[in-house]
J.: 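One structure is given below, represented as structure tokens, and several questions about it will come after.
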Amino acid sequence: MIYVFKTSVDTNSKLKLASELLNELLADAQWNFDLEDCDNILRIDSETEITELLLKNTVFDCIELE
């Protein structure tokens, strides 16, 4: 399933922290950020339900988009 989130990741330093977290939490998923988008979009392709897990993270803010 593809998940799409608006995030607060808007700098390279925030991207580095977010990447470390995502690699740890979502080892079996594929993800990417689009920092050129005004909403700093995060897309995740995962077989596991990840929404609640991401919304509770303390590294960056995110809101699931429909």
J.: Restricting to side-chain hydrogen bond (donor to acceptor under 3.5 Å, both in side chains), what partner residues turn up for T58, sequence neighbours left out?
T.: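 side-chain hydrogen bond (donor to acceptor under 3.5 Å, both in side chains) list for T58, sorted by chain: empty.
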J.: State which residues pass salt bridge (Lys or Arg N to Asp or Glu O under 4.0 Å) with D10; sequence neighbours excluded, sorted by chain then number.
T.: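 Result, salt bridge (Lys or Arg N to Asp or Glu O under 4.0 Å) vs D10: K14.
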J.: Considering only Ile, Leu, Val, Met, Phe, Trp and Tyr, and joining two whenever side-chain heavy atoms are under 4.5 Å apart, list the other residues clustered with F5.
T.: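 In the cluster with F5 are M1, Y3, V9, L15, L17, L21, L22, L25, L26, W31, F33, L35, L42, I44, I50, L53, L54, V59, F60.
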J.: Run the side-chain hydrogen bond (donor to acceptor under 3.5 Å, both in side chains) test against S19 and tell me which residues pass, sequence neighbours left out.
T.: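 By the side-chain hydrogen bond (donor to acceptor under 3.5 Å, both in side chains) rule, S19 matches no residue at all.
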J.: As a quick check of understanding, evaluate side-chain contact (heavy atoms from CB on, under 4.5 Å) for D28 and S46, giving each step before the final call.
T.: CA-CA 7 Å; D28 296 333; S46 176; over 6 Å; no
J.: Can you tell me how far apart CG (N32) and CZ (R43) are? Round to the nearest 0.5 Å.
T.: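 If we round to the nearest 0.5 Å, N32:CG and R43:CZ are 6.0 Å apart.
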J.: Output all residues satisfying salt bridge (Lys or Arg N to Asp or Glu O under 4.0 Å) with E52, sequence neighbours left out; order by chain, then residue number.
T.: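 Partners of E52 by the salt bridge (Lys or Arg N to Asp or Glu O under 4.0 Å) criterion, ordered by chain and then number, come out as K56.
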J.: Identify, with sequence neighbours excluded, every residue that meets side chain to side chain contact (heavy atoms under 4.5 Å, CB included) alongside D37.
T.: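 Checked D37 against side chain to side chain contact (heavy atoms under 4.5 Å, CB included); matches are D34, D39, I41.
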J.: Does E20 have any salt bridge (Lys or Arg N to Asp or Glu O under 4.0 Å) partners at least two apart in sequence or in another chain, and if so, which?
T.: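 Salt bridge (Lys or Arg N to Asp or Glu O under 4.0 Å) check on E20 returns K16.
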J.: Using side-chain hydrogen bond (donor to acceptor under 3.5 Å, both in side chains) as the criterion, list what pairs up with K6, not counting sequence neighbours.
T.: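 Partners of K6 by the side-chain hydrogen bond (donor to acceptor under 3.5 Å, both in side chains) criterion come out as none, since no residue qualifies.
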